[in-house]
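Here is how names work: the chains are called A, B, and so on, in the same order as the sequence lines, proteins then strands, and each is numbered from 1.
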Amino acid sequence: MKAPRAASPPQSEAELEERARSIAGLTVRELAARFDLPLPESSTRGKGFAGTLAELALGASAGNRSEPDFVELGVELKTIPLDQRGRPLETTFVTTVPLHQILELEFEQSPLYHKLRRVFFLPIEGEAPLPERRFGLGFFYSPSEEELAIIRRDWELFGELIATQEMESIDGTLGEIVQIRPKGRDASDRVLGPLQEGSAEGARGEEGGLAYARPLGFYLRTSHTRAIVARALAL
DNA sequence: GATTGATCATGT
DNA sequence: ACATGATCAATC
């Protein structure tokens with residue numbers, strides 16, 4: 001049996017939903033077999049495997065571009081691991097923090113806003129061994145006006161901390177819906193960010209108003225995704 | 001048990 | 001180097 005290639009992009013939200021229905025109930029092992037992909041040797045080494053499988057099966061535009069997964073639909077795909085009671089086990093990564101741009105961007109222009117406008121959540125069992133995890137039934141989500149107001153407040157809080165040279169004080173405790181946490185290869189990873197006052201030039205790699213900083217990411221708190229999932233299951 | 005900071009794999 | 005896909009594991 002020949003391995004099927006990645007599905008073509010869905011032409012509508014209805015088509016995306018239909019494809020998701022067709023894989024609901026399948027395990028990671030079963031879906032990997034359809035694409036002739038070897039299973040990761042351990043869950044430690046396969047952290048993104050289920051998400052990649054879902055992209056292949058649903059027809060997300062492959063690759064790692066800074067675009068929505070379904071470009072034509074403007075939809076972002078997120079697999080979300082749930083416990084047996086249907087509660088998220090992990091926070092949800094949204095997008096990298098644009099350290100060099102955040103001071104100039106209004107919320108409506110931010111990658112955070114654009115990624116969250118329209119999301120297709122695909123639940124997956126999170127407690128079984130990776131190969132045995134089953135995909136659930138996916139559903140669409142858009143933030144309400146109330147949620148958007150809170151997310152905008154979070155965005156502006158972080159922007160202000162960076163603008164006032166308090167980047168070092170940003171940690172995972174801040175933000176009501178969205179938090180900022182490290183998102184790098186390891187703790188020594190660095191990207192070019194805004195120059196912090198008082199930093200030793202040269203020693204920190206200062207370069208035309210930029211300095212090296214830890215790469216950071218926006219994540220959705222489980223308290224929020226829990227509410228989203230609960231709402232979707234209740235419908 | 002929930003949370004925060006650290007980490008793994010892959011593609012361009 | 002940096003984006004994508006996230007989960008692991010030490011600590012609170």
Side-chain angles (χ1 to χ4, degrees), chain A residues 5-6 9 28 31-32 35 37-71 75-101 111-112 114-115 119-133 135 138 154 158 167-193 205 207 210-227 229:
Chain A
R5 305 222 304 271
V28 166
L31 203 49
F35 291 97
L37 291 177
L39 291 164
E41 293 176 18
S42 70
S43 59
T44 304
R45 297 168 63 85
K47 291 180 179 181
F49 188 71
T52 303
L53 272 182
E55 288 186 335
L56 283 171
L58 300 180
S61 341
N64 57 330
R65 293 170 304 162
S66 175
E67 299 282 325
D69 293 300
F70 303 99
V71 184
V75 170
E76 179 74 12
L77 173 66
K78 294 293 177 195
T79 61
I80 185 166
L82 305 182
D83 68 16
Q84 293 181 354
R85 299 171 55 186
R87 299 180 351 166
L89 286 163
E90 297 287 347
T91 54
T92 302
F93 173 72
V94 181
T95 186
T96 301
V97 177
L99 283 173
H100 51 289
Q101 291 182 51
L112 179 63
H114 286 283
K115 291 267 188 175
V119 179
F120 190 73
F121 279 107
L122 182 61
I124 184 171
E125 291 176 342
E127 293 180 313
L130 179 62
E132 318 308 331
R133 292 180 192 174
F135 289 95
D154 290 341
F158 294 127
M167 214 169 79
E168 310 297 330
S169 71
I170 295 178
D171 62 24
T173 66
L174 272 38
E176 187 173 336
I177 289 180
V178 174
Q179 65 179 172
I180 285 184
R181 303 216 311 280
K183 168 67 174 175
R185 187 63 188 76
D186 56 45
S188 66
D189 206 359
R190 291 294 183 275
V191 295
L192 230 34
E207 254 183 48
L210 297 176
Y212 288 101
R214 296 209 53 184
L216 302 171
F218 291 114
Y219 295 78
L220 293 178
R221 291 187 176 282
T222 53
S223 57
H224 187 63
T225 51
R226 180 189 309 176
V229 172

Short side-chain N/O contact to [N] OP1/OP2 from [X], under 4.0 Å:
{"X": "S43(A)", "N": "dC8(C)", "value": "yes"}
{"X": "K78(A)", "N": "dG5(C)", "value": "yes"}
{"X": "Q179(A)", "N": "dT3(B)", "value": "no"}
{"X": "R45(A)", "N": "dA9(B)", "value": "yes"}
{"X": "K183(A)", "N": "dC8(B)", "value": "no"}
{"X": "R87(A)", "N": "dA2(B)", "value": "yes"}
{"X": "R185(A)", "N": "dA1(C)", "value": "no"}
{"X": "R221(A)", "N": "dT4(B)", "value": "yes"}
{"X": "T52(A)", "N": "dA9(B)", "value": "no"}

Rounded to the nearest 0.5 Å, how far apart are CD of E127(A) and CZ of R133(A)?
9.0 Å

Under 4.0 angstrom, heavy atoms only, what part of the nucleic acid is [X] near: base, sugar-phosphate, or nothing?
{"X": "G51(A)", "answer": "sugar-phosphate"}
{"X": "E76(A)", "answer": "sugar-phosphate"}
{"X": "G184(A)", "answer": "base"}
{"X": "P215(A)", "answer": "nothing"}

Among [options], find the nucleotide with the atom closest to the side chain of [X].
{"X": "T44(A)", "options": "dC8(B), dT4(C), dT7(C)", "answer": "dC8(B)"}
{"X": "T91(A)", "options": "dT4(C), dT7(C), dA6(B)", "answer": "dT7(C)"}
{"X": "P182(A)", "options": "dA6(C), dT3(B), dA6(B)", "answer": "dA6(B)"}

Pairwise side-chain contact, L122(A) with F135(A), heavy-atom cut-off 4.5 Å (strictly under):
yes

Can you confirm whether V28(A) sits close enough to I124(A) that some side-chain heavy atom of one is under 4.5 Å from a side-chain heavy atom of the other?
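Result yes, sub-4.5 Å side-chain heavy-atom pair found.
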
Is the charged tip of R181(A) near the ring of Y219(A): under 6.0 Å from the six-membered ring centre and within 45° of its axis?
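Checked: cation-pi criterion met.
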
Let me know the distance between [atom1] of [X] and [atom2] of [N], rounded to the nearest Å.
{"X": "L216(A)", "N": "dG5(B)", "atom1": "CG", "atom2": "P", "answer": "10 Å"}
{"X": "E90(A)", "N": "dC8(B)", "atom1": "CD", "atom2": "C1'", "answer": "13 Å"}
{"X": "I180(A)", "N": "dT3(B)", "atom1": "CD1", "atom2": "C1'", "answer": "16 Å"}
{"X": "F49(A)", "N": "dT7(B)", "atom1": "CZ", "atom2": "P", "answer": "24 Å"}
{"X": "L130(A)", "N": "dC8(C)", "atom1": "CG", "atom2": "P", "answer": "8 Å"}
{"X": "L39(A)", "N": "dA9(B)", "atom1": "CG", "atom2": "C1'", "answer": "14 Å"}
{"X": "R190(A)", "N": "dA6(B)", "atom1": "CZ", "atom2": "P", "answer": "10 Å"}

Does the side chain to side chain contact (heavy atoms under 4.5 Å, CB included) test come out yes or no for L220(A) and V94(A), once each step is laid out?
CA-CA 7 Å; L220(A) 293 178; V94(A) 181; 3.7 Å; yes

Can you list everything that forms a side-chain hydrogen bond (donor to acceptor under 3.5 Å, both in side chains) with S42(A)? Sequence neighbours excluded, please.
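Scan of S42(A) (side-chain hydrogen bond (donor to acceptor under 3.5 Å, both in side chains), adjacent residues dropped) gives none.
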
